[in-house]
There are 2 protein chains.
Amino acid sequence: MKVTIYDVAKEAGVSIATVSKVINNTGNMRESTRKRVLETMKEMNYTPSIMASALTGKSTQTLGLLVPDISNPFFAEMAKTIEDRAHEEGLSVIICSTDANPEKERKYLEVLQQKQADGILIASKFQDDTLLDDLIERNVPLVMLTIDDPTMNVSKVSIDDFKGGFIATNHLLNQGHENIVMIAEHAYSSRMRVYGYREAHELMSRKVQEDNIMYAEATIEGGKHCFEEIFKRNDAKLPSAIFACNDLLAIGIIHAAKEYGISIPEDLSVIGFDNTILATTSVPALTSVSQPVEDMGKMSVDLLLKEIKAGGQLKDRQLFNPELIIRGTTQAVKKSSKA
Amino acid sequence: MKVTIYDVAKEAGVSIATVSKVINNTGNMRESTRKRVLETMKEMNYTPSIMASALTGKSTQTLGLLVPDISNPFFAEMAKTIEDRAHEEGLSVIICSTDANPEKERKYLEVLQQKQADGILIASKFQDDTLLDDLIERNVPLVMLTIDDPTMNVSKVSIDDFKGGFIATNHLLNQGHENIVMIAEHAYSSRMRVYGYREAHELMSRKVQEDNIMYAEATIEGGKHCFEEIFKRNDAKLPSAIFACNDLLAIGIIHAAKEYGISIPEDLSVIGFDNTILATTSVPALTSVSQPVEDMGKMSVDLLLKEIKAGGQLKDRQLFNPELIIRGTTQAVKKSSKA
DNA sequence: TGCAATATAGAAATAGATTTGATAAAATTG
DNA sequence: CAATTTTATCAAATCTATTTCTATATTGCA
């Protein structure tokens, strides 16, 4: 069987209390004793049982990560950096895809608490905010990732979504596009990106056509549907550019456009968001607003660790800079068509 | 504080032993008692502590999943289906990306055992096979996923890689390609795919040029490097088709080809493997050998569950069928060039 | 009715740690 | 050198379950 603290104690000729102190580096102790115990532990290849230690209220060395969908490359890439950083610190990560399903949200949160996760990283919007409020109230260490919702009083790591929406729209406007459709998700980040979209118009004294702001699910299919809906509108009003709130949507747009015989970027410019691997692999390569995934993932773990130490009292906020990566799906409007 | 078994026992007016029996549905008991305890548990919103229960040797309701890299869309998609299935069964999944790093392999396995994972899904090759041998010897419930290595005496879920290699190569040969480069990974699955590649040649009485079988890391960069290496060869010997062992490599090939002014599929046919989202989003869409990711993920969890019940003694083997999805990156050789 | 057989419930041991309070040993002080 | 303080160690309680064994209570059958 597994070596326990009792075995070590017996072998080293001390009590289990002494061994425990050596493990946790607490209390006073003769240097010779500490050394002897340490050696015995090594010799016997002893590792403390996390279960037993967790039972007494100690940490489980486990984090929870809630994402909408791990098969979305953006979250997969994010998960990778989080996992890397966590493992560096000796923590494991339990990943949960909520699928924007309130029932799953509830259940996963329950499971994570039952498993006594030391802290939870939330990169998924919650249908039911009261679940989060409950966590906050009970001081569960929490960091919200990519969700900079000011109504939530927790630590947050995200990009400046307002700026993200602004630079994308601004780029299109500067290229001469006048009719720009924006496709948003039903998520907090999108709200701010929409404001950025508005601000860009405002600064150039352009009026926003309200029906140019559409909403869709963050999937390729969602993008296709949107395109079809746009296409069904009055042909005269067809946009010359579409700004999608993530790469999946943008890819969907591109696919649908191809089916409809509309060439990109000649007839239609497209901008995505997140700058995932999909943006680099699509042809033409997708212009996209990049989030510094690695920095954000690393920061979110570091922040959560601090939060855990502070007992969920910290409430920090880290804002990163989005960056527009210009590739092949955007193009200036030809003067002829403008005139 | 949290409600414990003691609280429930006191409230229901029974001993903790009785409550435990109700929880685990063991032992005999008056129906009225069982009902009363059940009601009290519900009223008090009691959930048993997994830590305490794990301490006595019970399950932790946790699985480990080892993949080479969760940010590779193939494994992300696989992880999603595994996670879904596991959660249906009330299990959480700890995901670990080994990055083909022996040090990480060792550490992650150690962590999973320390956390008393009920079972481990391995979808990552191991540099150090002795680590796995050790697990097998100690009857740790194990399922190898996408790795049908006959030297390993464990449960396995994979596709028929031989067939996968065969149908891809066969398709190219039938299209009139005579000089087909195959890019493999250093993984067991690739070995079998290479045999399939050979068999396809054999059946058509074609000789395999040994230097047409190349090896690379499963990344876009790896694909690019390969292409450059091929290109550096004698121009006269340039292949008319490349069969890559995964989509990332194929995408890398396509990118590099573009840089070198070689058009696909006119000048060069490309086949990928895994049929990930990348295959559908690339332009032209990538012809790829599809693995039934959902079925495989689900099956691997089900198998692992059985394995757990059987105490790691089962040793089942499930082989799925690969399917060639023909898209836009493959094309028959023009007769003129053949003649 | 009496005794064996069975059903029901609980006391106590156990799992592997942490932590507190007590005690013994060593060091310090007057 | 005795009295006091400090240091080093351990016994025992605790955390929240599971499980075995024991003690009643109930039932069945002669």
Side-chain angles (χ1 to χ4, degrees), chain A residues 1-41 44-62 90 110-111 113-118, chain B residues 1-41 44-62 90 110-111 113-118 308 311:
Chain A
M1 282 305 292
K2 202 178 169 296
V3 179
T4 74
I5 198 171
Y6 291 92
D7 304 323
V8 175
K10 186 184 286 179
E11 184 74 17
V14 297
S15 77
I16 59 164
T18 303
V19 178
S20 178
K21 277 184 191 155
V22 172
I23 296 169
N24 298 289
N25 231 316
T26 55
N28 298 320
M29 182 173 314
R30 204 168 297 159
E31 193 48 39
S32 61
T33 312
R34 158 162 281 121
K35 228 180 114 188
R36 182 154 41 91
V37 172
L38 239 24
E39 274 167 9
T40 321
M41 291 192 338
M44 302 182 77
N45 209 356
Y46 165 75
T47 48
S49 152
I50 295 185
M51 301 302 151
S53 133
L55 193 54
T56 71
K58 284 279 171 106
S59 98
T60 53
Q61 305 287 88
T62 306
E110 204 170 88
V111 167
Q113 293 186 262
Q114 205 189 188
K115 295 248 163 88
Q116 285 179 238
D118 295 335
Chain B
M1 280 306 291
K2 205 180 167 296
V3 179
T4 73
I5 197 172
Y6 290 91
D7 304 323
V8 175
K10 187 184 285 179
E11 184 73 18
V14 296
S15 75
I16 59 164
T18 304
V19 178
S20 178
K21 280 178 193 158
V22 172
I23 296 169
N24 298 291
N25 231 316
T26 56
N28 298 319
M29 179 173 317
R30 203 169 296 159
E31 193 48 39
S32 61
T33 312
R34 159 162 279 121
K35 231 182 111 187
R36 183 154 40 92
V37 172
L38 240 22
E39 273 167 11
T40 318
M41 291 191 339
M44 303 184 77
N45 208 356
Y46 165 74
T47 48
S49 153
I50 295 185
M51 299 302 152
S53 137
L55 190 55
T56 71
K58 283 276 171 112
S59 97
T60 53
Q61 305 288 88
T62 305
E110 204 170 89
V111 167
Q113 294 186 261
Q114 205 189 189
K115 295 247 162 87
Q116 285 180 236
D118 295 335
I308 290 169

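Chain letters run A, B, ... following the sequence lines, proteins first, then strands; residues in each count from 1.
Phosphate proximity of dA9(C) to Thr33(B): present, with a side-chain N or O under 4.0 Å from OP1 or OP2. One finds a side-chain N or O of Lys58(A) lying less than 4.0 angstrom from the OP1 or OP2 phosphate oxygen of dT19(C). In this model, the phosphate group of dC15(D) is not approached by any side-chain N or O of Thr4(B) to a distance below 4.0 Å at OP1 or OP2.
Of the listed nucleotides (dT18(C), dG16(C), dA17(D)), dG16(C) has the atom at the smallest distance from the side chain of Ala52(A).
Between Tyr6(A) and Val14(A), the residue anchored closer to the 5' end of DNA chain D is Val14(A), taking for each the nucleotide with the nearest heavy atom.
Between the CG atom of Leu55(A) and the P atom of dG16(C) there is a distance of 12 Å, rounded to whole Å. At whole-Å resolution of the value, CG in Asp7(A) and C1' in dA17(C) are 13 Å apart. Between the CE atom of Met51(A) and the P atom of dT18(D) there is a distance of 14 Å, rounded to whole Å. Straight-line distance from the CD atom of Gln114(B) to the P atom of dA17(C): 10 Å, rounded to whole Å. Put simply, CE on Met41(B) is 15 Å from C1' on dT16(D), counting in whole angstrom units. In this structure, CD1 of Ile50(A) is placed 15 Å from C1' of dT18(C), rounded to the nearest angstrom. Between Gln61(B) atom CD and dA17(D) atom C1' there is a gap of 14 Å when expressed in whole angstrom units. For Glu31(B) and dA7(C), the CD to P distance is 15 Å, given to the nearest whole Å.
The shortest side-chain heavy-atom distance between Ile5(B) and Ile23(B) falls under the 4.5 Å cut-off. Taking the side chain as every heavy atom from C-beta outward, Thr47(A) and Lys2(A) approach each other to under 4.5 Å. Taking the side chain as every heavy atom from C-beta outward, Val22(A) and Met29(A) approach each other to under 4.5 Å.
For DNA chain C, the residues of residues 15-30 of chain A within the heavy-atom distance limit of 4.0 Å (strictly under) are Ile16(A), Ala17(A), Ser20(A), Asn24(A), sorted by number.
Side-chain atoms of Lys115(B) come within 3.5 Å of backbone atoms of Gln61(A) as a donor-acceptor pair (strictly under, hydrogens ignored). Proximity of a side-chain donor or acceptor of Lys21(A) to a complementary backbone N or O of Arg34(A) within less than 3.5 Å is not detected. Panel note: side chain Thr40(A), backbone Ala12(A); no donor-acceptor pair is recorded below 3.5 Å. With Ser20(B) contributing its side chain and Ile16(B) its backbone, the two residues share no donor-acceptor pair below 3.5 Å.
Among all heavy-atom pairs drawn from Ser59(A) and Ile50(A), the shortest one is O-CG2, 4.4 Å. Here the shortest heavy-atom pairing between Thr60(A) and Ala117(A) reads OG1-CA, 3.9 Å.
Taking five base pairs at each end of the helix from dT1(C)-dA30(D) to dG30(C)-dC1(D) and finding the rotation axis that steps the C1' atoms of four pairs onto the next four gives two axes whose angle is 50°, to the nearest 10°.
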